[in-house]
Amino acid sequence: MRRFVPAVVLVAAAFAAATSTSPSAATTTDPGVVGVRLVDIPASLADDPRAHHYIVDNLLPGTTIKRRVEVSNSSASKAHVDLYPGAAHIVRGAFVGESGRAKSELTTWTTLDHRSLDVPAHSTARATVTMTVPKDAAPGERYGVVWAQISGGRGGSITLVNRTGIRAYLSVGGKNPPPSDFTADTMTAERDASGRAVVLAQIHNTGGRALDLSGTLRLSKVSGSLSAGPYAVQLGTTLAPRQSEPVKVLVTDQVADGPWKATLELKSGLVEKTYHARITFPHKPGASAPSATWVESASSFPVLLGGLMALLLAAAVPIGVIRHRRRDGKDQEDIQRDPRPDPTTTG
């Protein structure tokens, strides 16, 4: 059994953006009231500075770990705090937590004994985080965040979401096959014998697991605003590791020859990728030359502006999100990040 030692460093206090709604009398949404910290760390990691601030471990498949976290409320009223795991990744030298309750492989391994806590004024409450690595988990490091979140009431057109979190770095060892992965190298525009438009995308299974692919195709005119789709990828394409086969998309509308910008979104399990290509359909039955694909971001979790904006984390960067209701009825998010330096950064 692993021994634990106290972790005494407070991770962060939450930062709230201004809001036009009035806080509930029973539950606070005052700025700067919610903090979260690790209560203990494994004694074997006591000399690792990161383990004092983050959930850090190196595990074999089939292993389970537990970490206690403490949520603090420094306001004069009770705080209702939601607790949940979220997806994260590292891109361009920054640890980035995904917006909302984004899922990942690590989030499916993570549970909390309390989904929410009612923390009295000027008090703390604790919860236990459990991470269970499946027996068939592939080697590699996974990233995530354990979030503590309070939400203001909805008044008119604005809602306040205020959260802070603890990073998780979980490395998996062992001799299991590598994780699932794939590439789409080319797209080919065709017309079948009846003149219907068809797109074939050549897929290579570059990972260590079999793939069962699904997805959609969208078309947008290279010049002009005309667009078409989405069209579903025909199901039934399964690829073993190192195999390569095309996936087929039947364009069910009558479309011009083009040229078109084709956007193909593919998924197998938790792996999702988006590829683009410039294609032109032949005027008669037959196939055009294959077109090379490209991706618009080097990250498999692109940072999106608007409703899916990724949230940059420091050790546990507090985030305030104000949701504005646009005239067309859609929500968009403005992200406000605490400009203060990360209090838990180690040199």
Side-chain angles (χ1 to χ4, degrees), residues 89 91-92 96 98-100 102 181-206 211 213-237 239 244-268 271-310 312 323-335:
H89 67 289
V91 60
R92 300 183 184 94
V96 181
E98 298 292 332
S99 63
D181 201 5
F182 62 86
T183 61
D185 295 343
T186 61
M187 293 190 211
T188 302
E190 300 182 353
R191 290 195 185 274
D192 63 16
S194 61
R196 296 180 303 176
V198 177
V199 175
L200 298 178
Q202 190 68 26
I203 309 301
H204 298 273
N205 184 344
T206 59
L211 301 174
L213 293 162
S214 61
T216 59
L217 174 77
R218 297 177 186 271
L219 300 174
S220 58
K221 214 54 183 304
V222 170
S223 59
S225 58
L226 185 64
S227 62
Y231 307 106
V233 170
Q234 289 190 355
L235 300 179
T237 301
L239 295 179
S244 177
E245 293 289 341
V247 295
K248 183 177 181 179
V249 183
L250 177 63
V251 179
T252 54
D253 297 317
Q254 292 183 353
V255 295
D257 296 345
W260 298 91
K261 177 184 177 182
T263 299
L264 181 66
E265 298 178 351
L266 291 173
K267 177 179 180 180
S268 179
V271 182
E272 299 183 29
K273 294 191 174 184
T274 301
Y275 290 91
H276 306 278
R278 178 169 172 157
I279 62 174
T280 300
F281 293 100
H283 192 63
K284 297 180 179 180
S288 299
S291 299
T293 63
W294 77 86
V295 293
E296 292 182 348
S297 171
S299 167
S300 61
F301 298 90
V303 177
L304 303 180
L305 298 177
L308 296 178
M309 181 176 284
L312 275 176
R323 300 181 187 273
H324 300 274
R325 178 68 63 178
R326 297 197 321 218
R327 291 182 180 177
D328 61 4
K330 296 181 179 179
D331 285 338
Q332 62 182 8
E333 295 179 352
D334 295 325
I335 306 300

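Starting from 1, each residue takes its place in the sequence as its number. Model, not experiment: these values are computed from the prediction.
- Residues satisfying the side chain to side chain donor-acceptor pair (under 3.5 Å) test with T280, not counting sequence neighbours, are none.
- A 4.5 Å side-chain heavy-atom check between L213 and I203 finds at least one atom pair inside the cut-off.
- For the atom pair OG (S268) and CG (D181), the distance works out to 10.5 Å, reported to the nearest 0.5 Å.
- Under the 3.5 Å distance criterion, with hydrogens and angles disregarded, a donor-acceptor pair is assigned to the side chains of S244 and Q202.
- For the atom pair CZ (R196) and CG (L250), the distance works out to 4.5 Å, reported to the nearest 0.5 Å.
- Atom OG1 of T274 is separated from atom NZ of K267 by 12.0 Å, given to the nearest 0.5 angstrom.
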- Task: Check the pair L266 / V271 against side chain to side chain contact (heavy atoms under 4.5 Å, CB included), numbers first and verdict last.
- Result: CA-CA 8 Å; L266 291 173; V271 182; over 6 Å; no

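- Across all their heavy atoms, F281 and V198 have their closest contact at CE2-O, 3.6 Å.
- Taking CE of M187 as the reference point, atom CZ of R278 lies at 14.0 Å (rounded to 0.5 Å).
- Going from atom OG of S227 over to atom CH2 of W260 covers 8.0 Å, rounded to the nearest 0.5 Å.
- The heavy-atom pair separating P282 from S288 by the smallest distance is CD-OG, 3.4 Å.
- Between T263 and Y275, every side-chain heavy-atom pair lies at or beyond the 4.5 Å cut-off.
- Side chain to side chain, D253 and Y231 meet the donor-acceptor criterion of an N or O pair below 3.5 Å.
- Here the closest heavy-atom approach between residue P230 and residue R218 is recorded as CD-NH1, 3.5 Å.
- When all heavy atoms are compared, the tightest approach of K261 to V222 is N-CG2, 3.9 Å.
- Atom OG of S214 and atom CD of E265 lie 10.5 Å apart (nearest 0.5 Å).
- No side-chain N or O of E245 forms a donor-acceptor pair with one of H204 less than 3.5 Å apart.
- Between the side chain of T186 and the main chain of A292, no donor-acceptor pair closer than 3.5 Å is present.
- Shown are L264, L217, V233; of these, the side chain to side chain contact (heavy atoms under 4.5 Å, CB included) with V199 is made only by L217.
- Looking at heavy atoms from C-beta onward, I279 lies in side-chain contact with L219 at the 4.5 angstrom threshold.
- Between F182 and K273, the closest heavy-atom pair is O-NZ, 2.8 Å.
- The number of heavy atoms from other shown groups lying within 6.0 Å of NZ (K248) does not exceed 12.
- The heavy-atom pair separating E190 from A287 by the smallest distance is CG-CB, 3.5 Å.
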